[in-house]
Amino acid sequence: MKYNVNSSGFYGDFGGAYIPEMLFSNIDELNKNYLSIVEEDSFKKEFNYYLKKYVGRPTPLYYANRLSEKYGSKIYLKREDLCHTGAHKINNTIGQILLAKELKKTKIIAETGAGQHGVATATVCALMGMECVIYMGEIDIERQRPNVERMRILGADVRPATSGSKTLKDATNEAMRHWINNPDDTHYIIGSVVGPHPYPDMVARFQSVISEELLVQLNKVEGRDYPDFIIACVGGGSNAAGIFYHYLDNSKVKLVGVEAAGLGISTNKSAATTKLGKKGVLHGSKTLLMQDENGQVTEPYSISAGLDYPGIGPLHAHLSDSNRGIYISVEDDEAMNAGIELSRLEGIIPAIETAHAFSVFDKIDMKNKVVVINLSGRGDKDLETYIKWGKY
Amino acid sequence: MNRINKLFKEKTDNILSIYFTAGYPSLNDTEKIIKTLDECGVDLIEIGMPFSDPIADGPVIQDSSNIAIDNGMNLNVLFNQLYGIRKITNIPIVLMGYINPVYQFGYEKFINRMMECDLDGLILPDLPLDDYKSNFKSIFDKENLSFISLITPNTSNDRIKKIDENSNGFIYMVSSSSITGKKSTFSRDQIQYFNRINNLNLKNPKLIGFGISDKLSFENACDYANGAIIGTSFIKNLSNINIKDSIKNFIANIRSL
């Protein structure tokens with residue numbers, strides 16, 4: 001377990017729990033209980049039941065024939081876009097709400113950027129009959145109206161984060177403040193592999209169902225349980241963590257994370273954290289962080305609202321720092337073109353976050369290799385952005 | 001003995017500590033605010049080092065932090081402003097903020113500049129105890145600087161004892177499970193919590209902070225600790241037009257008989 005979390009909550013130099021005392025008891029409660037709970041047979045059984053019957057797992061591993069032909073590789077798509085609610089996010093929210101129930105919590109809070117995690121959280125709260133408050137940046141609320149209404153239809157109370165830059169990082173700040181003010185009855189469902197330990201590990205474990213299925217599915221079609229390359233987009237990095245998970249220590253597999261370069265990494269309008277970030281502390285974890293020379297967190301940009309987080313999960317910071325992972329960044333236009341290409345070649349309109357993972361063919365030589373791309377989400381929510389972009 | 005230890009040795013009750021955000025309302029108000037607070041008889045000053053994402057603070061302190069950052073405040077500017085502050089005041093001064101700006105500045109450089117300015121203590125709420133021990137403790141002990149930690153109603157007795165052992169100066173008792181700037185009159189639960197802490201016989205004196213906003217809540221807090229800290233309501237009352245008078249009136253109100 002060289003690349004996974006150690007017993008003190010660190011991935012190499014990254015991770016840990018940098019939290020004010022007001023959050024200590026909440027985090028401590030999780031830390032003391034999460035492993036024993038998620039490893040209980042009864043928990044696993046219930047988790048798997050919902051993943052199968054409600055989410056629709058296992059998701060298919062689909063051989064992308066025309067895409068493979070075009071690029072001369074054997075390209076498989078892990079179809080997380082076919083999960084209920086349209087993305088991998090729900091794997092984690094199912095896991096965490098079951099954990100919250102075990103901890104006797106009655107209320108759920110979450111942050112959301114583009115709204116996908118918010119929808120996945122509102123969905124499981126409706127499923128389990130729990131109160132749900134979602135914090136979302138005021139600007140994101142304007143940009144992502146349909147998801148706001150989806151959450152409201154599902155019964156969630158969507159509260160605007162009006163502080164700071166009014167986007168995902170501020171929604172996360174507000175959710176943490178809510179949790180500080182309500183430490184006893186509330187569980188905070190963080191949506192990515194970020195935040196103080198044990199969140200990055202907890203979320204990665206719930207998402208690791210993706211690579212667990214991949215081992216079996218690949219073995220059936222390729223006669224070996226590992227590919228040469230695994231490719232996933234990375235904002236905070238939960239879908240990438242999920243599909244990398246069982247391959248972290250298998251050095252035969254090249255792990256590729258694709259970040260959003262926005263308008264370009266030298267333009268000031270970018271979200272390529274491994275390129276532009278320095279070691280720092282945000283939202284309880286030491287990681288790579290986009291910040292100015294005074295340690296103030298800067299606002300990232302990407303055409304995809306799900307990738308514009310100024311940090312990155314500590315697992316990915318470690319994979320990047322140790323060169324275990326290959327982290328590349330692609331610009332808005334490259335990602336959009338890749339999204340259109342996937343639509344035309346395979347009949348799948350991907351989420352714009354996901355489209356970033358499909359723009360790597362001219363950046364990495366993968367000829368004749370077995371390649372698995374995590375198709376983390378579908379593009380329904382992004383139609384307006386596709387239309388505005390317009391070049392199709 | 002540093003100024004904080006000396007303060008608590010000479011005065012055991014009704015200690016008033018004021019928090020303000022450096023660089024707010026204007027970049028160069030720092031010296032003026034410190035001097036006025038000293039003249040008003042405040043006992044201790046906490047200078048907030050602004051951070052873009054202050055998760056333990058409410059909207060008032062966050063807004064003041066954003067304005068301060070926009071005004072151009074950063075640690076280098078702050079230390080330049082505080083260099084020579086001992087020529088005008090002998091009041092104990094504590095820096096308070098979040099770890100990231102300090103981490104970027106460099107721990108060693110930060111401590112050196114603190115000593116150069118002859119400051120007395122540091123509060124970094126999101127710095128874990130283990131990080132404090134490995135990066136700060138030996139030099140803080142050697143140079144007699146105070147490291148001040150927070151405790152809350154949810155902090156266990158065992159943990160409080162550990163925090164007390166590793167702190168010096170005073171213990172910052174967060175009055176309730178809340179971020180800064182929440183109104184409160186003390187509930188039965190809070191009073192129980194204060195009494196629980198007082199029965200632990202900690203080596204450090206205690207100040208109550210969060211939710212202390214006026215004369216009444218200050219005096220209530222002083223019944224259960226050596227004194228109290230006021231931040232949010234002080235910042236709210238700072239006037240851009242006549243900053244000195246706004247400070248004088250605010251403190252006079254708290255201290256009025």
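Heavy atoms closer than 4.5 Å to chain A are found nowhere in B/P153, neither backbone nor side chain. Residue B/L124: no heavy atom, backbone or side chain, is found under 4.5 Å from chain A. Of the two parts of A/D184, only the side chain, counted from C-beta on, holds a non-hydrogen atom closer than 4.5 Å to a non-hydrogen atom of chain B. Both the backbone and the side chain of B/F51 come within contact range of chain A, each with at least one heavy atom under 4.5 Å from a heavy atom of that chain. The contact between A/K286 and chain B is made entirely by side chain atoms (from C-beta outward), counting heavy-atom distances below 4.5 Å.
With respect to chain A, the highest number of heavy-atom pairs below 4.5 Å among B/S156, B/A56, B/P50, B/P125 belongs to B/P125. Note on A/N182, A/L289, A/I180, A/T298: by heavy-atom pairs under 4.5 Å with chain B, the leading option is A/I180. Ranking A/G284, A/P196, A/G16, A/P183 against chain B, the residue ahead of the rest is A/P183, based on heavy-atom pairs under 4.5 Å.
Of the candidates B/T155, B/I55, B/N154, B/L150, A/M22 forms a side chain to side chain contact (heavy atoms under 4.5 Å, CB included) with just one, namely B/L150. Paired with B/D53 under the rule side chain to side chain contact (heavy atoms under 4.5 Å, CB included), one option of A/T172, A/V281, A/D170 passes, and it is A/D170.
A distance of 12.0 Å separates CD in A/Q296 from OH in B/Y98, rounded to the nearest 0.5 Å. In this structure, the separation between CD1 on B/I99 and CG on A/L282 is 12.0 Å, given to the nearest 0.5 Å. Remark: B/D63 CG to A/S163 OG distance equals 8.0 Å, nearest 0.5 Å. Here the CZ-CG distance, from A/F24 to B/L129, works out to 9.0 Å after rounding to the nearest 0.5 Å.
A donor atom on one side chain and an acceptor atom on the other are found under 3.5 Å apart for A/Y18 and B/D131. Side chains of A/N294 and B/Q104: a donor-acceptor N/O pair is absent below 3.5 angstrom, by distance only.
With a 6.0 Å radius and a threshold of 12 heavy atoms from other residues, nucleotides or ligands, B/K133 has its NZ atom above the threshold. The number of heavy atoms from other shown groups lying within 6.0 Å of CD (B/E116) is above 12. Around NZ of A/K275, the count of heavy atoms belonging to other residues, nucleotides or ligands within 6.0 Å exceeds 12. Other residues, nucleotides and ligands contribute more than 12 heavy atoms inside 6.0 Å of the CG atom of B/N157. Atom NZ of A/K32 is surrounded by 12 or fewer heavy atoms from other residues, nucleotides or ligands within 6.0 Å.
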Check the pair A/E21 / B/Y172 against side-chain contact (heavy atoms from CB on, under 4.5 Å), numbers first and verdict last. CA-CA 11 Å; A/E21 187 63 27; B/Y172 193 131; over 6 Å; no

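The two residues B/D57 and A/R177 make their nearest non-hydrogen contact at O-NE, 2.6 Å. Across every non-hydrogen atom of A/Q291 and B/N100, the tightest pair is OE1-ND2, 2.8 Å. Across A/V297 and B/S52, no two heavy atoms sit closer than the pair N-OG, 2.9 Å.
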